[in-house]
*Asks:* 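Here's a structure for you.
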Amino acid sequence: MNHPENTPGGRKCHSLSELVGNTPVLRVTAPLPEPHPGFWAKLEGMSPGGMKSRAALSMVVGARRRGELRAGGTIVESTSGTLGIGLAYVGIALGHPVVLVTDHEIDNLTLALLRAYGARVEIVREPAPRGGWQRARRDRVAELLAEHEEAFWPDQYNNPDNAAGYEPLGRELLAQFDRVDTVVCSVGTGGHSAGVASVLRAHLPNVRIVGVDSPGSALFGQRPDKRLMRGLGSSIHPDNVAYHQFDEVHWIGPSEAARACRDLARGNFVTGGWSTGAVALASAWCAAETGSDEVVGIFPDGPHRYWETIYDDEFGERNGLHGTRCARHPAERGTERSGAARWSRSREITDPCPGRTTGTGCSLCDREEGALP
């Protein structure tokens with residue numbers, strides 16, 4: 001792999017893979033919804049393919065290195081859209097056909113882009129009785145892998161190369177800041193929070209890691225339910241979630257995340273999707289709570305995929321996103337996991353998957369007894 005050359009006009013890259021990472025940080029001072037001391041946003045949407053390009057590149061390069069993916073071999077994966085863009089990007093950069101399994105809730109722009117980038121897209125129409133859309137997509141992936149024995153499945157939820165792909169992001173933060181007090185990460189597969197935390201804690205053992213989840217997500221022990229937001233939360237328990245690294249977790253609902261996105265757009269210009277809005281809201285609160293000017297929120301993407309949802313007034317009216325004033329503070333939550341839609345947080349964090357913790361099997365993850373990883 002060539003290395004980009006530093007020139008007065010910016011980096012001079014010889015291949016697509018060199019464009020991944022080295023994203024800027026921006027000071028955010030827009031009220032969210034109240035004034036706050038300000039925080040720093042790591043703008044991962046400035047990287048081609050967004051934040052998931054880091055994970056996609058790491059997983060594919062790791063598979064090639066181990067001989068799990070031959071030159072020109074096919075990549076098959078499940079995605080709600082974000083990793084799909086990253087895999088399409090890496091497929092073009094490294095010469096691999098990409099087959100993606102998604103569901104009917106994927107937005108039209110992402111679907112059109114994936115097809116334009118040459119990916120083959122399969123759409124599942126019904127969620128699985130257990131595990132929802134993620135399980136239904138993964139079941140179809142299993143069928144495709146049986147049909148194409150030499151294909152590679154990245155398995156983003158459980159592949160350690162996913163988290164490893166975000167270790168450079170952690171090193172970038174160490175280079176960009178003399179001090180980091182709090183880092184706020186959305187949590188879906190668990191990859192970027194795990195990778196960033198492992199690097200930062202080695203150098204800054206007192207840094208706070210704050211996770212942001214969605215109501216209706218099973219990640220931190222809530223009962224799984226239908227979720228409007230895409231890109232954060234999960235209906236299964238991914239192995240990549242580093243539960244021991246989190247100091248607290250916030251659950252932020254769609255109306256709150258959408259309001260934060262619009263406040264960002266109006267007050268700071270730089271904005272994004274559900275995860276970005278949720279991270280921004282939690283980051284502003286953390287800065288106000290601690291009085292620290294060294295809070296960093298990781299913004300996974302930009303606004304472009306969300307013109308039919310967050311930035312569409314009719315969608316907002318249909319889904320109750322307007323007219324509800326955002327809470328000033330999250331409600332404290334202990335071991336109760338009711339899945340209430342209003343903003344809440346907890347410092348009591350445990351791994352909810354019995355398949356990992358006791359080996360007794362997990363109804364969401366379909367882990368068999370004794371199959372403790």
Side-chain angles (χ1 to χ4, degrees), residues 16-17 19-20 44-45 47-63 69 73-125 127 132-145 148 151-159 161-163 165-166 186-192 227 229-236 238 240 272-276 300-309:
L16 278 175
S17 58
L19 291 172
V20 175
E44 287 293 283
S47 181
M51 182 175 70
K52 289 294 185 80
S53 291
R54 294 184 188 261
L57 185 61
S58 176
M59 291 187 291
V60 171
V61 169
L69 176 62
T74 299
I75 300 166
V76 179
E77 181 59 297
S78 159
T79 179
S80 63
T82 49
L83 181 70
I85 295 290
L87 285 173
Y89 173 84
V90 173
I92 293 172
L94 300 181
H96 294 281
V98 174
V99 179
L100 300 169
V101 179
T102 187
D103 56 68
H104 80 287
E105 294 185 1
I106 189 171
D107 63 282
N108 289 326
L109 176 60
T110 300
L111 182 59
L113 284 175
L114 289 173
R115 288 171 171 162
Y117 293 144
R120 171 183 155 194
V121 182
E122 294 214 1
I123 300 176
V124 297
R125 300 296 176 180
W133 288 113
Q134 282 165 307
R135 174 57 57 188
R137 297 197 307 259
R138 286 160 64 91
D139 288 347
R140 179 55 183 151
V141 166
E143 293 173 354
L144 290 169
L145 291 172
H148 306 281
F152 169 65
W153 175 35
D155 187 15
Q156 60 168 323
Y157 298 99
N158 306 303
N159 188 337
D161 286 335
N162 179 346
Y166 295 104
S186 57
V187 189
T189 68
H192 88 268
R227 304 192 310 277
M229 298 192 291
R230 310 278 283 183
L232 74 165
S234 176
S235 53
I236 58 176
N240 280 326
W274 301 111
S275 297
T276 292
D301 60 10
H304 306 97
R305 293 177 51 219
Y306 306 93
W307 64 276
E308 294 177 304
T309 53

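For this chain, numbers begin at 1 and follow the sequence in order.
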*Asks:* With rounding to the nearest 0.5 angstrom, report the CD1 to CG distance, Ile123 to Leu111.
*Replies:*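 Separation between the atoms: 5.0 Å.
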*Asks:* Run the side chain to side chain contact (heavy atoms under 4.5 Å, CB included) test on Glu143 and Asp139 for me, step by step, so that the C-alpha distance in whole Å, both residues' side-chain angles and the decisive distance to 0.1 Å come before the verdict.
*Replies:* CA-CA 7 Å; Glu143 293 173 354; Asp139 288 347; 5.6 Å; no
*Asks:* Taking ring pair (Phe, Tyr, Trp, His ring centres under 6.0 Å) as the test, write out the residues that go with Tyr166, two or more places apart.
*Replies:*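 Tyr166: ring pair (Phe, Tyr, Trp, His ring centres under 6.0 Å) contacts with His192.
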*Asks:* For Val76 and Ala151, work out which heavy atoms get closest and say how close.
*Replies:*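 Here Val76 and Ala151 meet closest at CG2-CB, 3.9 Å.
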*Asks:* Salt-bridge test for Glu77 and Arg137: reply yes if a basic N is under 4.0 Å from a carboxylate O, no otherwise.
*Replies:*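 No, this pair does not count.
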*Asks:* Do Thr110 and Arg305 have a side chain donor and acceptor closer than 3.5 Å?
*Replies:*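 Yes, Arg305 and Thr110 have a side-chain donor paired with an acceptor closer than 3.5 Å.
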*Asks:* Would you give the length of the straight line joining atom CG of Leu16 to atom CG of Leu57, rounded to the nearest 0.5 angstrom?
*Replies:*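 Output value for this atom pair is 10.5 Å.
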*Asks:* Nearest 0.5 angstrom please: Arg120 CZ to Leu100 CG, how far?
*Replies:*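 Nearest 0.5 Å value for the CZ-CG distance: 10.0 Å.
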*Asks:* So does Gly273 get a backbone contact from the side chain of Asp301, meaning a donor-acceptor N/O pair under 3.5 Å?
*Replies:*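 A pair under 3.5 Å: yes.
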*Asks:* Could you check if a side-chain atom of Lys52 sits within less than 4.5 angstrom of a side-chain atom of Pro300, using non-hydrogen atoms only?
*Replies:*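 Not touching, per the 4.5 Å side-chain cut-off.
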*Asks:* To check you understand the geometry: which heavy-atom pair defines the closest contact between Arg230 and Trp274, and what is its length?
*Replies:*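 The pair with the smallest heavy-atom distance is N-CD1, 3.4 Å.
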*Asks:* Within the structure provided, determine whether Thr102 and Val121 are in side-chain contact (heavy-atom separation under 4.5 Å).
*Replies:*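 When only atoms from C-beta onward are counted, Val121 and Thr102 do touch, with a gap below 4.5 Å.
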*Asks:* Would you say the side chain of Tyr89 lies within less than 4.5 Å of the side chain of Pro48, judging by non-hydrogen atoms?
*Replies:*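 Yes, side chains in contact.
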*Asks:* Taking all atoms of both residues into account, what is the closest heavy-atom pair of Ile85 and Gly49, and its distance?
*Replies:*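 Where Ile85 meets Gly49 most closely, the heavy atoms are CG2-CA, 3.7 Å.
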*Asks:* Thinking salt bridges, do Asp155 and Arg138 make one under a 4.0 Å N-O criterion?
*Replies:*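 Yes, this pair counts.
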*Asks:* Is there a donor-acceptor contact under 3.5 Å from the side chain of Thr79 to the main chain of Gly84?
*Replies:*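 Side chain of Thr79 to backbone of Gly84, a donor-acceptor pair under 3.5 Å: yes, one is there.
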*Asks:* Is a donor on one side and an acceptor on the other found under 3.5 Å between the side chain of His96 and the backbone of Gly73?
*Replies:*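 Indeed, once roles are kept as given, a pair shorter than 3.5 Å links the two residues.
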*Asks:* At their closest point, which heavy atom of Ser275 faces which heavy atom of Ser186, and how far apart are they?
*Replies:*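 Taking every non-hydrogen atom into account, CB-OG, 3.7 Å.
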*Asks:* State, with a plain yes or no, whether a side-chain heavy atom of Tyr157 is found less than 4.5 Å away from one of Ile236.
*Replies:*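 Counting from C-beta outward, Tyr157 and Ile236 do come under 4.5 Å.
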*Asks:* Between Gln156 and Ala55 (side chain of the first, backbone of the second, donor and acceptor by atom type, cut-off under 3.5 Å), is there such a pair?
*Replies:*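 Such a contact is absent between Gln156 side chain and Ala55 backbone.
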*Asks:* Is there a donor in the side chain of Asn159 and an acceptor in the side chain of Asn162, or the other way round, less than 3.5 Å apart?
*Replies:*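 No pair is found: no donor N or O on one side chain lies under 3.5 Å from an acceptor on the other.
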*Asks:* Looking only at heavy atoms, which two atoms of Gly86 and Ser53 are closest? And how far apart?
*Replies:*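 Of all heavy-atom pairs spanning Gly86 and Ser53, the closest is CA-OG, 3.8 Å.
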*Asks:* Any heavy-atom pair between the side chains of Phe152 and Thr74 that's under 4.5 Å?
*Replies:*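 Sidechains of Phe152 and Thr74: no contact.
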*Asks:* With the side chain counted from C-beta on, respond yes when Val61 and Leu94 share a heavy-atom pair under 4.5 Å apart, and no when they do not.
*Replies:*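 When only atoms from C-beta onward are counted, Leu94 and Val61 do touch, with a gap below 4.5 Å.
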*Asks:* For the residue pair Thr309 and Asp107, establish whether any side-chain heavy-atom pair is separated by less than 4.5 Å.
*Replies:*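 They are not in side-chain contact.
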*Asks:* Could Asp103 and Arg140 be called an ion pair, given the rule that one side-chain N must be under 4.0 Å from one carboxylate O?
*Replies:*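 No, Asp103 and Arg140 are not salt-bridged.
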*Asks:* To the nearest 0.5 Å, tell me how far Tyr117 OH sits from Leu87 CG.
*Replies:*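 It comes to 13.5 Å.
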*Asks:* Say you draw a straight line from OG of Ser80 to CD of Glu105; how long is it, rounded to the nearest 0.5 Å?
*Replies:*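 Rounded to the nearest 0.5 Å, the OG-CD separation comes out at 10.0 Å.
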*Asks:* Check whether any side-chain heavy atom of Ile75 sits under 4.5 Å from a side-chain heavy atom of Pro154, and report yes or no.
*Replies:*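 Side chain of Ile75 against side chain of Pro154, heavy atoms only: contact under 4.5 Å found.
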*Asks:* Taking the side chain from Asp161 and the backbone from Gly62, do they hold a donor-acceptor pair closer than 3.5 Å?
*Replies:*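 A pair under 3.5 Å: no.
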*Asks:* Please find the pair of heavy atoms, one from Arg125 and one from Trp133, that lie closest to each other, and give the distance.
*Replies:*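 Taking Arg125 first and Trp133 second, the nearest heavy atoms are O-CH2, 3.3 Å.
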